[in-house]
Each structure stands twice: as structure tokens, then as C-alpha cells.
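Data first, discussion second: the structure below is written as C-alpha cells.
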Amino acid sequence: MEYLLIAIQDVFTGPSLFWVAGGVLLGYILGAIPGLGKATGVAVSIPLTFYLDPVSALGLLIGIAKGSGAGSAVSAILLNTPGEPSSAPTALDGYPLARQGKAQKTLKMGLFASVIGDFVSTVVLILLAAPLARYALLIGPVELCAILVFSLTFIGGLSGGSMIKGLIAACFGIFFATVGMETETFVPRLTFGFLQLDDGISLVPMAIGMLAVAEMIVQAGNLRELDAQTERMKDSDNPDDRRITGPEWRRCAPVIARGSLIGTIVGILPGLGASVGSFLSYGATKRASKTPEKFGTGMIEGVAASESADNAVVPSSLIPLFALGIPGSVIAAILIAAFILHGLTPGPRMFTEQPRLVADLYIAMLSASLIMLALGYAGQRIFAMIIRVPLRLIIPGVLLFCCVGAYMETSSVFSIYIMLAFTLIGFLSRKLDFSFVTFLIGFVVAPKLELSFRQSLQLLNHDWANLVKHPIAIAFFLAAIATVLAVARKEARQSVGTIDTKREELS
Amino acid sequence: MRRANAISGFVLAAIAILALLVVIPWQIENGPAGMMSPRLVPQLMMGAVLVLSVLLVLTNLEPAGRDDPPPFSREELRALALISGVFAVSITLYLTIGALAFGSVLVAGTLVVLGERRPLIVAGMPVALMLLLWVLFYKILGTAIL
Amino acid sequence: MTTRRTLLATAAGLALALTGLPAMAQDEYPTKPITMLVGYGAGGQTDLIARASAKVLADQLGQPVNVVNKPGAGGAVAANELRGMAPDGYTILFQSNAVINAAPFLMDRVDFKPDDFEYAGMITAYQTGLAAPKDAPYEDLTGFIAWARENPDFAYAALSAEARMYMDRIAEQEGLQANAVPVQSGSEMVNTLLAKQVAVAFSGGIHYRYPDEIKTIAPTTTFRHPSAPDVPTIEEAGFPLAMDTRTVIILPKGTPREILDRISSALKAAETDPEFVKVTETANIPIMYYDAAAAAKEMQETYDKNKVILTGGN
């Protein structure tokens, strides 16, 4: 604790604050540009990171991660092209709100939810890193498998108009996720002889094609209507459309709290990532809402749910790194490399051997949250003007940035082919109303689920009776069964037929 | 949407059958004994798609109502075709000439197919965007991206 | 803002000023920046060493060395691409030599042979081996086998096909019953050891970062690990299965001898470069420098040896 004051001095007098601010700014700009995002930012900052002192390096990386998390909400809300897959649920309600002329309000909610989620998670990291990481070790493959099964029960709720079509999309997501070398048997699956596919279909180019490029093509096909709508859409005189009202805060506060919690937990668990966090939070909020059918038409709670969880994942994914020395994310892995380049070994020993450094890191992270708030607040006015630019001037630039973002993932043009293939799939799924959200969830969750299932089989020695040694897993399996039963009963109570026709009319 | 649903159900069922009978056995070896087969998950998924798409067809068999607009508008299909064309040309240029040609033609080509005709913009925007990328990556961040 | 490139240029300028101009006059290569491919994503062990080496090479050669990550199939994608590049010394691949001396025997679609490339030296070795939780009741392979006989159906974390091969061979020879738990990454492997979910795991060397929690029970190298000199290797324990892996600089076939020698003598400076030494010490990666000729010889020898181990000589 006594180091915190010294740390504040260190951070505010040294070069670190500059790098933190630079990181947030860069991340925010890259995040707000469709096609570019966290992956791009981290990739370009690696060489820089290795030459900076550890606090500045962490500041820069964490700034980029936080900034891009908040920035990707901007493109999701204004253009319906989420900068990252984790902002896809933000677009579901954020874009309709922006088209209703409430862009500034929505951007503000996205920013505040991001900052709060991020701040909560950072505080959890600072106060609870060591004990939480020990508990996280209790979550082995068997438990993870149960947790993933539980989280999949949320897919049904996100499937949009028709449950059947949502499930078909999810099955395709899982199917495409199986491409590449299978981890247990080392058998390549569906690679058609391409070595580039051995590591699977990469999430970034896939998501860019599906979310951004496909959306741009659909908008290109509706240029006239959209531009006409923009003409009519003048800033309303009602100041309530530009700011967040008291009742909205009251409705969103519990949503943000839940989102922050979900995001923090997802971050600690190994290898799940921000997308799982924001999808889960959006699904949970929709399920808890009294008016779930309004989600997707412009519910500000949807934006709050998705963004708070999305941003809460980043700081807490550093918990395994600080407490155990295990990287829980790509950013953490690069940080380890940066630490080692400076002769530091990340892990529990850092706290006893380098307490001042650890305190410096904490202060840098907290100041990143505040800088993000300030930058984002200043930026949202400027960004909100993008919505006025005619689309034919926006689409070409977006397409170029999408190609850059996809290319940089592997430094190879193969990624652009992947992007284009999924552009076509994304276009068809949009127009035929197969939810790309459930597709993405399937794609993100399935590989982890299959692997943890394979691991569980081996760890349980092929005998399910051994499950009794894993009470946490049993709890989650039971919760999953209970959720499915509850949903089934709810569906049964309201006659299935009437719902379907009603939803058809809506779509 | 009903007609589109029924048709896409048929197509998806055909894809699932094709995957189950041809693609999966052809592209995925059967793994060693004692482990879960690598074919299992893809097969389960395609099986599920088959069942679900049959369901989709069955629930959408009744004839379409009068107000049943086609899922794709003519403009959207046109946009898809034109932008695909621009991509095809740009990628050919990337493979034969290089990244600069790719970026310029992609931006200028898309501008033209979207109806922009002012020569200043068609010529200026590719230059401005490429310059922006160059300044951002090569000057500010000091990273070669190509 | 100071960029990496200007930093490098300054460093290079300084180096030139110190060594004087003759070095430039003698040698034409290199006259432009060099691209160093790394066949893994950023942030891993090999990437770390590659970037540290790139810095040394840039200082020595007087030209920037830009690292480009080209991940895919354990480096096979990058090596495949390198094969088609001009043999001018301006594109080099920094990779584990396993991509050439082991991958062809483990992956159907990889058919590299040592003769397909040129080598400009090796710099570090991986401390691969079998690792176990610190409080496990066995200290070496012999002790482990005795324990495993008493505890059939123990769990074993396998990160790669080689990893699985080791336990399969040992289990077959000794009549053990092992459950191989697949893991996807080094950090996941460490996780299973820290949480004591498995009795033993195959590690590429990162377990040395956790000296309080993890110990080595059998190096799978021909040499004892510098980080654990008291633990006998797998060959000392009676299993002729040791396969050494080292980081190597790979160039396209036909690269002139002078260029290989120029890079390999520049690489030698890493041995004594304080920055490089600090990085490798922190990461527990031993420096074992081989010049171009020795690297080519090592490549051929390990290729032949691994072929016997992994395929039975066919």
C-alpha cells in the first residue's frame, strides 16, 4: 500500500502517462475504424513495447486494449460494423438507436458502460488478483466444459426472429470452428490441403468479413433509402435524445453491474475472451428483461450490457498473469515477452521482489480508465458527425481498412480470401435472417468446448462416475439443465405457433 | 420470408447431406482408437443442420401470403456483384503489381460503382487514404505492415 | 515520437561510427533492410528470441532487421513461403529447427528436407523435457516409472505429437497405463501442472519460469539442462529418444556462402551481447551458438536421428 503514493508519483512524473494516453488514443481511433481494432493495435505496438520500460509498455498495451474496446462501440453504433466481434451485440441495439437520431445518447451510454466495466474489473484485479487466481486454478477442463455448456443455453435467446434458424446458424459456426488441426488426434480437419488452415479459420478476418464487409455491401444496396433517412434525421430539439436521462440510468445501472461482473469472471477464466463476455451479458440482460422482444429494435440496455462486459474482460484477463505468471490472453502473452526483455519474470514473485513496479502498473491501468473516459467523451461529439457523411464516401474507405485489418492478422493475402468468403456467408445470413450472432457464439465457444470435453474424458479416465470429484462442474451442468427446462416451459406456455407468426410479422 | 425459408431449408439440407456423405469422410481422417473421433463434432453439427432445415421447410410449407417481399432486393444483388467485381480486379492487381495498386483500385473502384463521379474525389480519396495508412503505420508507429 | 526504426538507425549509426567504415567497404551485403520471418504469433518464446536476435543482427550488419510474424502450422507456412523466395539474404526465417527435422515425420503435408534450405547458424536450444508438479513423489524418470506402475491411469498433458510419442513409447516399454490430456498452448500446459490436474507434462522449456511450483524429471534432449543440471536425461534413463531442438536462421536454397557467413558471424555477437544474455537468462533459454557449417551439419544429423525415432527409420 505504501507504494501506491510513490507509484502515483512515478506514473505522473515519468514517461508512462504519455504512453498510456497514446495507447488509449491509438486504440480508440483504431477501434472506431471498422476493420481495424485491438488485433491491429497490438500487432503494430509490439516492436515499440519491447523498447519501452515495463510500465510504459504495459501502459501502451493496456491503453490500446481498453481504447479499442471502447472505440469499437463507435463503429458498431454509427455504422453497424462492429470493430471487434465482441461489439457485435452492441450493434444490435446501438445502430437502431443511432438511426432514430439518438447517436450521441447511445455513444455516451456505450462509453460510460465501457469505462465502468473496465474500472470495476481493474479494481478487482488490484484487490483480489492473488486469491482469485488460486480459485481460477480450481476451474480445470471438467469445470470449464460445464461452464461452456451452461453459457451455450443463452444461444437460443439470441437467435433473433426464428429459433430454428438461429440454431442452424450456431451449428454452422461450430462446424467452421472445427477447421484445422484437431488438438488431441492431430488430424487436420476440412483443410482441403491448405497449410494456412492448419491453425483453423482465424477469428479476426472471419469476423471482419461477416460483420463489416457484408454490412457495407448491404448498405451499398440500400444507399438511396439510407441517405434519404439521414437527410430527414436532423438533431432533435429534445436534449434528452443527446444525453442519458435519470430513468435510463436507473434501468441500466443493474445491467452494467451484471455486465461488469460477467466480464470480470470471463476474463479470469482461461482463453474465453471478450466476445464470450459481451454475448453472455447481452443474453442474460435480454432474458432478465420484462420486454425481451424489444431487444434488437433500439434498447439502450443492450448497449450497456454488451459494452460493460466487453471492457471488463481486459483487466481481469491479466489476473492469471500477475498472480500466477500464466498469460490468459494475447495481450498478456506479449506483456510477458516485454517483461522478460527487461529481465523481469512475471508472476507471484513480482509482488515481493518488485512491489513498486506492481504498484506503478496498477496506477497506470487506473489512469488508462480515466483517460479513456476523457478522450471518449471529447471524441463522441466528433464521431457522431460521421453519421451525416453520405454512405458512398464511407464504404470505400471501410473496405480498404477491412483488408488492412484482415491482412495484418497473418501478414498474408490468404486472410483476405477468408474475409471475402465470410463476406458472402454474412451477406446471405443477413438477408435470409439467419442470426450471425449465434453463428459467432458457436464459432467462439465450440473449439474450447470440444477440447475441454476431450480433456475431461481423459481426466475422468473415461468414467463419468468420477464426476463426483468435480462439484463445481456438476453445479453448472444442473444450472444448464434448469435453464433449458425453464425456457422450454416458457415457450410451451405461450403457444409456439402464435409467437412464430408474430415474429414473422416483425421481421 | 416463407418462400425464402423453404428454399433455404432445401439448400441447407442438401449442403448437410453433401457434407455428411462426401466432404467429411474425404477431408477428415478417422482418428486413432481410444480417442473421440475427429469426425464426431462436424458430423453432429451437419446432422443437426439436416434435421433443423427439414423442420424449417416443414414449418414454412404453406403458400406465401400476398405481402411476401423477396429477401434480396435488386439493388442489393447489384451491389454484391459490383463490389465483388472490384475486389476481383484489385486482388488480381495485388498479385501482379502490388499493394499500392490494390488499395487505390479498391477505393476508386468502389467509389465509381457506388455512383461517385466527381473526378477530384475518385482520384483524391485513394491517395488520401493510402497516405493516411502510410503515415499511421510507417511514420507514427514505425511498423512495416507489408 | 521515437520509433523503432529510428532507434535502430541510431544504433546502427553508432555501431558504424565505432567500428569505422572499412567493414562496409569489404562487404556489399546488406545494402537494404532485412525481413526476418517468424513462423509463430507474437509473444511466444521463439518470437522473443527472434526479436532479441534481430536487434543484435541489426547492430552488427548495419541495416534494420524487421520482424514479421507469419504464423501457421508450427512454422511450416512460413518455411513453405521462404522456399519460393529469392536467395538474396534479404528474407530470412528465424524458427525452431523442428519445422525441418521433426515436422516432416509428424505432418502428412510437410515434406521439407535439410537440403531444401540454407542455414546461417543456430543460437539457442530449447530445454524440452518432462515436467511435474514440485511436490510430486518422484524426482527423475526412473522414480516416475516406479510411481506410475503403482498409479495406473494417471493423466499426462500432451501439447504436440512429439509430446504424445514420448509417453507412448515409455508406457509401451514399461507397461504403463497413461491418459493423454490434450492441451493447446504452453500456458495451458503450465496451468494443468500448477493445478496438479496431471502427473506429468511435456514442456518446451517454459516451466522453468515457475521454479517454486514445477520441476523437471527428464530432459528429452541429448544434454542435461543448464537450468537443472542434476536431473539425468531421458537417454541416461535408458530411452534413446532424445530430440534436440534449437532456434536456427533459415534461408532459401542457393543463398551465397558469403551471405550465410556474414549472418552467422553477426549472430555470434549475440553470445556476448549483454542485452541478449539478459533476455535469455530471464527466460531460461540457454545460448548454444553454431556457425553456418555446424548448423547445416546439426540439421542433417538430427533429421536422420529424428526420422528413426519418429517413424522407425522408414
Side-chain angles (χ1 to χ4, degrees), chain A residues 26 43-48 161-162 164-165 167-168 171-172 174-175 178 182 184-185 187-192 213 216-224 391-393 395-397 399-401 403-404 407-408 411 413 416-417 420 424 427-428 431-434 446 450 453-454 457 500 504 507, chain B residues 1-2 4-5 8 12 19 23-24 27-32 35-39 41-42 45-46 48-49 52-53 55-56 59 71-73 75-80 82-84 87 91 94-95 102-103 106-111 113-116 121 125-126 129 133 137 141-143 145-146:
Chain A
L26 178 68
V44 297
S45 65
I46 290 167
L48 273 175
S162 141
I164 295 178
K165 284 155 93 179
L167 290 178
I168 291 179
C171 288
F172 270 102
I174 299 174
F175 181 75
T178 61
E182 198 281 307
E184 183 174 27
T185 54
V187 169
R189 298 194 281 199
L190 306 165
T191 58
F192 295 89
V213 184
M216 284 293 106
I217 291 179
V218 172
Q219 293 190 12
N222 297 293
L223 266 189
R224 231 166 295 152
L391 274 171
R392 66 170 190 285
L393 296 180
I395 294 171
L399 293 183
L400 177 67
F401 290 128
C403 292
V404 174
Y407 178 90
M408 283 181 61
S411 317
V413 72
I416 295 188
Y417 300 150
L420 290 175
L424 188 63
F427 179 82
L428 292 176
K431 295 320 295 176
L432 296 170
D433 192 31
F434 285 86
E450 184 186 356
F453 186 76
R454 287 172 180 275
L457 271 184
D500 267 355
E504 291 295 340
S507 60
Chain B
M1 219 32 155
R2 295 190 84 87
N5 279 348
S8 40
L12 290 173
V23 180
I24 294 176
Q27 281 297 320
I28 308 179
E29 286 170 40
N30 230 336
M35 297 174 200
M36 218 170 101
S37 167
R39 287 181 185 171
V41 175
M45 285 311 120
M46 284 300 116
V49 168
L52 288 165
S53 45
L55 269 178
L56 185 65
T59 50
F72 305 100
S73 72
E75 282 77 28
E76 281 164 347
L77 289 175
R78 190 172 157 267
L80 179 68
L82 286 173
I83 292 181
S84 308
F87 264 108
I91 289 177
Y94 174 82
L95 297 174
F102 170 84
L106 179 66
V107 175
T110 319
L111 275 171
V113 301
L114 291 180
E116 181 59 61
I121 289 187
M125 198 144 122
L129 285 173
L133 282 175
F137 288 110
L141 298 166
T143 314
I145 55 171
L146 279 173

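Remember, it's a predicted structure, so these values are computed and weren't measured experimentally. Scope of the values below: all heavy atoms of this structure, side chains included, with no hydrogens, waters or symmetry mates. In what follows, chains carry the letters A, B, and so on, assigned in the order in which the sequence lines appear, proteins first and then strands, with residues in each chain numbered from 1.
Pairing each heavy atom of B:Glu76 with each of A:Asn222, the nearest pair is OE2-ND2, 2.8 Å. Shortest non-hydrogen contact noted between B:Ala48 and A:Cys171 is CB-SG, 3.6 Å. Nearest heavy-atom pair across A:Leu457 and B:Met36 is CD1-SD, 4.2 Å. Nearest heavy atoms, A:Arg454 versus B:Pro38: NH2-CA, 3.6 Å. Here the closest non-hydrogen pair linking B:Ala79 and A:Gly221 is CB-N, 3.6 Å.
Counting heavy-atom pairs under 4.5 Å between each of B:Ser8, B:Pro126, B:Ser84, B:Pro42 and chain A puts B:Pro42 at the top. Ranked by heavy-atom pairs under 4.5 Å with chain B, the list A:Thr191, A:Ile416, A:Leu393, A:Leu391 is led by A:Leu393. Among A:Arg189, A:Arg224, A:Glu182, the residue making the largest number of heavy-atom pairs under 4.5 Å with chain B is A:Arg189.
Proximity to chain A is limited to the side chain of B:Leu12, based on heavy atoms less than 4.5 angstrom apart. In this structure, the portions of A:Val218 lying under 4.5 Å from any heavy atom of chain B include both its backbone and its side chain. Both the backbone and the side chain of A:Ile168 come within contact range of chain B, each with at least one heavy atom under 4.5 Å from a heavy atom of that chain. For A:Leu420, the part lying under 4.5 angstrom from a heavy atom of chain B is the side chain only.
In summary, of the residues considered (B:Leu114, B:Ile83, B:Leu106), a side chain to side chain contact (heavy atoms under 4.5 Å, CB included) with A:Pro396 occurs for B:Leu114 alone.
Atom CZ of B:Phe87 sits about 5.0 Å away from atom CG of A:Leu399, to the nearest 0.5 Å. With values rounded to the nearest 0.5 angstrom, A:Phe172 atom CZ is found 10.0 Å from B:Leu52 atom CG. Atoms SG and CD1, from A:Cys403 and B:Ile91 in turn, are 7.0 Å apart once rounded to the nearest 0.5 Å. Taken from CD1 in A:Ile174 to CE in B:Met45, the straight-line distance is 4.0 Å, to the nearest 0.5 Å. Atom-to-atom distance recorded for B:Gln27:CD and A:Thr178:OG1 is 11.5 Å, nearest 0.5 angstrom.
Evaluation of the salt bridge (charged side-chain N to carboxylate O under 4.0 Å, His left out) rule for B:Glu116 yields A:Arg392, B:Arg118 as partners, not counting sequence neighbours.
Ring geometry for A:Phe427 versus B:Phe72: interplanar angle under 30°, hence parallel rather than tilted (30 to 60°).
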Original post:
Should B:Leu111 and A:Ile395 be marked as a side chain to side chain contact (heavy atoms under 4.5 Å, CB included) after you check the CA-CA gap, both sets of side-chain angles, and the distance that decides it?
Top reply: CA-CA 8 Å; B:Leu111 275 171; A:Ile395 294 171; over 6 Å; no

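At a threshold of 4.5 Å between non-hydrogen side-chain atoms, the residues A:Val187 and B:Asn30 do not count as touching. Residues A:Val413 and B:Phe102 are not in side-chain contact: their nearest non-hydrogen atoms beyond the backbone lie 4.5 Å or more apart. Taking the side chain as every heavy atom from C-beta outward, B:Ile28 and A:Leu190 approach each other to under 4.5 Å. The shortest distance between side-chain heavy atoms of A:Lys165 and B:Asn5 falls below 4.5 Å. Side-chain contact between B:Leu133 and A:Leu400 is present, with at least one heavy-atom pair separated by less than 4.5 Å.
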